[in-house]
Amino acid sequence: MTPRTARARPALLLMLGWVALLWVLEGVDALSGNALDAFGIQPRDPAELVDVVPAAFLHFGFDHLAANTLPLLVLGFVAALRSGIRRFLAAALLIIVVSGLGVWLTAAQHSNTAGASGVVFGLFGYLLVRGFIERKVLDIGIGVGVAVVYGSILWGALPTASGISWQGHLFGLVGGVLAAVVLRERGRAAQPTGAVVGPVS
């Protein structure tokens, strides 16, 4: 197994497992008469804060889930491949929390919000800016490619359509940029190469 394959395989398995979990949960939701919809986020109710994370794994129907599946799989795989599994999971958790709290704070009263689209927007933002923050040419190129392929989703972060949680999209995007900043690779301190300079007398 080459080093490249060794990095790609766990990233792919992680995202396939993630997507499979979403489909299993939606199947359970459908069979239970949409009982899992209760774990969506209803704004400004303190009791709903516990649903911030679960809501990112639930959907309102298979059409809703299908729309999120491919971009989640693609963006998640690229992010996990380039960041490593541990840093990717930290970024995903930060995105989920920021997106969910943003929905909880700003969504319309009596609404119920769930879905992985906040994560999709967050991963988009993460990949978009990560290369520039870490000054890596390859990741800058990936960010440009992501912008070309998925840039049109940015319209979803604006309040242009009813029934769509632009708040979850917008705060997911914010969470992704924040994750790129907070979880950036720090440069290692330069090590001495031989000569040692003593105190000046």
Side-chain angles (χ1 to χ4, degrees), residues 14-15 17-73 75-76 79-80 85-129 150 153-183:
L14 172 63
M15 292 316 302
W18 189 323
V19 168
L21 174 62
L22 300 187
W23 281 88
V24 168
L25 288 173
E26 187 55 32
V28 171
D29 188 44
L31 292 173
S32 63
N34 300 319
L36 297 185
D37 290 356
F39 293 94
I41 302 169
Q42 299 179 41
R44 293 172 292 284
D45 178 353
E48 290 292 307
L49 287 171
V50 297
D51 292 334
V52 162
V53 173
F57 295 86
L58 303 172
H59 292 80
F60 299 128
F62 287 104
D63 288 344
H64 183 204
L65 173 55
N68 285 329
T69 294
L70 184 58
L72 177 63
L73 184 61
L75 296 175
I85 299 299
R86 185 178 300 179
R87 190 150 61 114
F88 166 74
L89 290 175
L93 179 59
L94 182 57
I95 290 166
I96 289 171
V97 170
V98 172
S99 177
L101 289 178
V103 167
W104 186 84
L105 286 169
T106 65
Q109 194 68 26
H110 307 302
S111 62
N112 187 24
T113 302
S117 54
V119 179
V120 170
F121 275 75
L123 293 174
F124 171 83
Y126 178 74
L127 290 171
L128 190 67
V129 304
Y150 287 108
I153 71 171
L154 288 173
W155 290 108
L158 300 175
T160 56
S162 61
I164 296 177
S165 176
W166 62 268
Q167 297 95 336
H169 299 169
L170 176 60
F171 284 98
L173 187 64
V174 170
V177 174
L178 182 62
V181 173
V182 172
L183 300 172

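- Leu14 is listed as a side-chain neighbour of Leu89, based on a closest heavy-atom distance under 4.5 Å.
- In this structure the side chain of Ile153 reaches within 4.5 angstrom of the side chain of Phe124, judged on heavy atoms.
- For the side chain to side chain contact (heavy atoms under 4.5 Å, CB included) test, residues two or more places apart in sequence or in another chain that qualify with Leu123 are Leu72, Leu75, Ala79, Phe88, Ile95, Val119.
- Rounding to the nearest 0.5 angstrom, the gap separating the CD1 atom in Ile41 from the CG atom in Leu105 is 10.0 Å.
- Scanning both residues, Phe62 and Ala30, for their nearest heavy atoms gives CE1-CB, 4.0 Å.
- Not counting sequence neighbours, the partners of Leu58 by the side chain to side chain contact (heavy atoms under 4.5 Å, CB included) test are Leu25, Leu36, Phe39, Ala114.
- Looking at residues two or more places apart in sequence or on another chain, you find a side chain to side chain contact (heavy atoms under 4.5 Å, CB included) between Leu170 and Ala157, Trp166.
- At a threshold of 4.5 Å between non-hydrogen side-chain atoms, the residues Leu154 and Leu173 count as touching.
- Contacts classified as salt bridge (charged side-chain N to carboxylate O under 4.0 Å, His left out) and involving residues 98-119 (residues at least two apart or in different chains) are not found.
- Screening residues 87-99 for side chain to side chain donor-acceptor pair (under 3.5 Å) gives Arg87-Glu134, Arg87-Glu185 as the qualifying pairs, with residues at least two apart or on separate chains.
- For Leu73, the side chain to side chain contact (heavy atoms under 4.5 Å, CB included) partners two or more places apart in sequence, or in a different chain, are Met15, Leu16, Val19.
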Test side chain to side chain contact (heavy atoms under 4.5 Å, CB included) applied to Phe57 and Leu21, step by step: CA-CA 8 Å; Phe57 295 86; Leu21 174 62; 4.2 Å; yes

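- At a threshold of 4.5 Å between non-hydrogen side-chain atoms, the residues Val181 and Val129 do not count as touching.
- The side chain to side chain donor-acceptor pair (under 3.5 Å) contacts involving residues 102-120 comprise Arg44-Gln109, Ser117-His169, where partners must be two or more places apart or lie in separate chains.
- Screening Val24, Leu22, Asp29 against Glu26 for a side-chain contact (heavy atoms from CB on, under 4.5 Å) leaves a single residue, Asp29.
- Among residue pairs with one or both ends in residues 47-71, those qualifying as side chain to side chain donor-acceptor pair (under 3.5 Å) are Trp23-Thr69, His59-Asn68; sequence neighbours excluded.
- Minimum interatomic distance between Ser165 and Val103 (heavy atoms only, all atoms of both residues): OG-CG2, 3.9 Å.
- Taking the side chain as every heavy atom from C-beta outward, Asp37 and Phe60 approach each other to under 4.5 Å.
- In terms of heavy-atom proximity, Tyr126 sits nearest to Ala91 at CE1-CB, 4.1 Å.
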